[in-house]
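Here the structure comes first, spelled out in structure tokens, and everything after it is commentary.
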Amino acid sequence: MTRQTINRLETGEQNISEKFLDKMVATYPELAESVELQFDWVSLTFPDVNGKQVIDDVIALKRDLFLEHGTSQNFYTREFAYAGEKNIYIQDFEPITNPETQEIEQRTGTTLYLTGKGTRLFEKALLEQNMTWRDFFIKARKYRGHLTRLDIALNDKWGLLNMDEIVRAVQEKRFWTKSRSYAIHGNSDAGWTVNFGKAPFIIRAYDKQKEQASKGNETDIKNRVELELHQDRAEQVLDEWFANDNLVEFTIDMLYTYLWFTDELIADDLLTGIKARDEIEATIKPMPSWQLLTFLGHKRKGSNLMYKAVGYYSQNEYMVGKTVAEVMRLLQKTYPNPKRGVISLKGVVNHLYTEPLKFVDMTGRDRQYQH
């Protein structure tokens, strides 16, 4: 990229086209890797089982790792907290004694909660169980699990967004959203948070690095854009994912469709109407950082939510890891073979397995690697 091109981009003389962005990603592949997608909150309600059954059968963790105590939250009477902390916890109903029969009765109905930290902890458990998030959600549905909340985070590790710029755009009405509700919290020093919409669908942008610093933690995530979905809106994401194998694209499309920032003021008459969003994008210069974030999100064919080695013909699962490289390391450790990958005189790879393996990401998409 020449200095002249950079100057034209900075002064607005040249627009950021999709062709230009494609060239940028091709030249700087690490740019696309700086934007990642991950689940950041998951809560599921199970109408037909109790808390102990969820621990034993659904999440398959050791029950003695959970601290059991009473609760009055969410109309439940009992809670199981992993390691005694509310990162992974389950709420249900304490068994009661029937005064007439003196028999102990257990009412069914349970909710599993995975907080932001809880989702990261649970991913480690999924790795140990050789499962992906997709596998888990399919399993949960077999127990009639229904999502009550699902947060999907788009992490900006590059610093593409500037939260001061986002806040100014909101204050100056240089944005369009399907929801009329929005709110700004915080400040430049402690970090901004901007919410758009109300349940069942909220979009939230905030300074993740400053938020974590205020808690004494460190993170390589500079900013985060979250999609918080409740009830049927959350279930819609799973339905689309399972039906069309497009979790990443569908998520970014929701963000792209519901929220857009510009570099210029939007006239009031453009903010209404069925085609308002299309007219704004066609006639008003977009905010480059927001445009780039959504574009790079689309370029994320997978996410950091794990990869899986499966049989090329049988589709049997062999190993799960957070990256293709990690999966390969685990395969080599679990199935040591000095002949792995050696090509015979006939030009045929000597596979340790009864069939070749291929790698798929957590959405089930073929990553086009073979082993």
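Every heavy atom of this structure was used, including side-chain atoms; hydrogens, water molecules and symmetry mates were not.
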Within 6.0 Å of [atom1] in [X], more than 12 heavy atoms from elsewhere:
| X | atom1 | result |
| --- | --- | --- |
| Gln102 | CD | yes |
| Asp268 | CG | no |
| Lys86 | NZ | yes |

State yes or no: do [X] and [Y] share one hydrophobic cluster built from I, L, V, M, F, W and Y residues joined by side-chain heavy-atom distances below 4.5 Å, directly or via other members?
| X | Y | answer |
| --- | --- | --- |
| Leu114 | Trp41 | no |
| Ile202 | Leu259 | no |
| Tyr143 | Met131 | yes |
| Leu292 | Ile284 | yes |
| Leu265 | Phe175 | no |

For the [atom1] atom of [X] and the [atom2] atom of [Y], what is their distance to the nearest 0.5 Å?
| X | Y | atom1 | atom2 | answer |
| --- | --- | --- | --- | --- |
| Gln91 | Phe75 | CD | CZ | 11.5 Å |
| Arg224 | Lys157 | CZ | NZ | 10.0 Å |
| Asn217 | Glu211 | CG | CD | 9.0 Å |
| Leu154 | Leu293 | CG | CG | 4.5 Å |
| Thr262 | Gln291 | OG1 | CD | 11.5 Å |
| Leu112 | Asp92 | CG | CG | 11.5 Å |

side-chain contact (heavy atoms from CB on, under 4.5 Å) between Arg174 and Asp263, intermediate numbers included: CA-CA 7 Å; Arg174 291 187 288 109; Asp263 257 8; 4.2 Å; yes

Output yes when [X] and [Y] qualify as a salt bridge under the 4.0 Å nitrogen-oxygen rule, no when they do not.
| X | Y | value |
| --- | --- | --- |
| Asp40 | Arg120 | yes |
| Asp239 | Arg141 | yes |
| Lys208 | Glu226 | no |
| Arg277 | Glu281 | yes |

side-chain contact (heavy atoms from CB on, under 4.5 Å) between Gln38 and Thr119, worked out: CA-CA 9 Å; Gln38 64 182 190; Thr119 54; over 6 Å; no

Under a 3.5 Å cutoff, is there a donor and acceptor pairing between the side chains of [X] and [Y]?
| X | Y | answer |
| --- | --- | --- |
| Asn244 | Glu240 | yes |
| Lys139 | Gln129 | no |
| Thr111 | Tyr76 | yes |
| Glu103 | Asn98 | no |
| Gln236 | Arg233 | yes |

Side-chain donor/acceptor of Glu279 to backbone N/O of Ala276, under 3.5 Å: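 Not at all, since once roles are kept as given, no pair shorter than 3.5 Å links the two residues.
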
Asp48 backbone acceptor or donor facing Thr108 side chain under 3.5 Å: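 Not a single qualifying donor-acceptor pair exists.
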
Can you check whether [X] reaches [Y] side chain to side chain, under 4.5 Å on heavy atoms?
| X | Y | answer |
| --- | --- | --- |
| Asp57 | Val49 | no |
| Ile104 | Gln106 | no |
| Trp290 | Leu255 | yes |
| Trp133 | Glu123 | yes |
| Thr77 | Phe93 | yes |
| Val194 | Val167 | yes |
| Ile59 | Ile90 | yes |
| Met287 | Trp260 | no |

Return the minimal non-hydrogen interatomic distance between [X] and [Y], and the atom names on each side.
| X | Y | answer |
| --- | --- | --- |
| Asp189 | Lys210 | O-CD, 3.7 Å |
| Leu67 | Gly84 | CB-CA, 3.9 Å |
| Ala81 | His69 | CB-NE2, 4.4 Å |
| Ala169 | Phe261 | CB-CD2, 3.8 Å |
| Thr45 | Pro47 | O-CD, 3.8 Å |
| Asp207 | Asn223 | CA-OD1, 3.8 Å |

Candidate list Thr115, Thr148, Asp151, test side-chain hydrogen bond (donor to acceptor under 3.5 Å, both in side chains), partner Ser43, passing option: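 Only one option passes, and that is Thr148.
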
Geometric cation-pi criterion, Arg149 with Tyr113: 6.0 Å, 45°: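 No, Arg149 and Tyr113 do not form such a contact.
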
Ring center gap for Phe122 and Phe136 short of 6.0 angstrom: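 They qualify: ring centres under 6.0 Å apart.
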
Phe242 ring center within less than 6.0 Å of Phe137 ring center: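 No, too far apart.
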
Steps toward side-chain contact (heavy atoms from CB on, under 4.5 Å) verdict (Met254, Leu229): CA-CA 11 Å; Met254 281 194 295; Leu229 305 112; 4.1 Å; yes

CA sep, side-chain torsions, deciding dist, call: Trp158, Val35, side-chain contact (heavy atoms from CB on, under 4.5 Å): CA-CA 7 Å; Trp158 190 284; Val35 177; over 6 Å; no

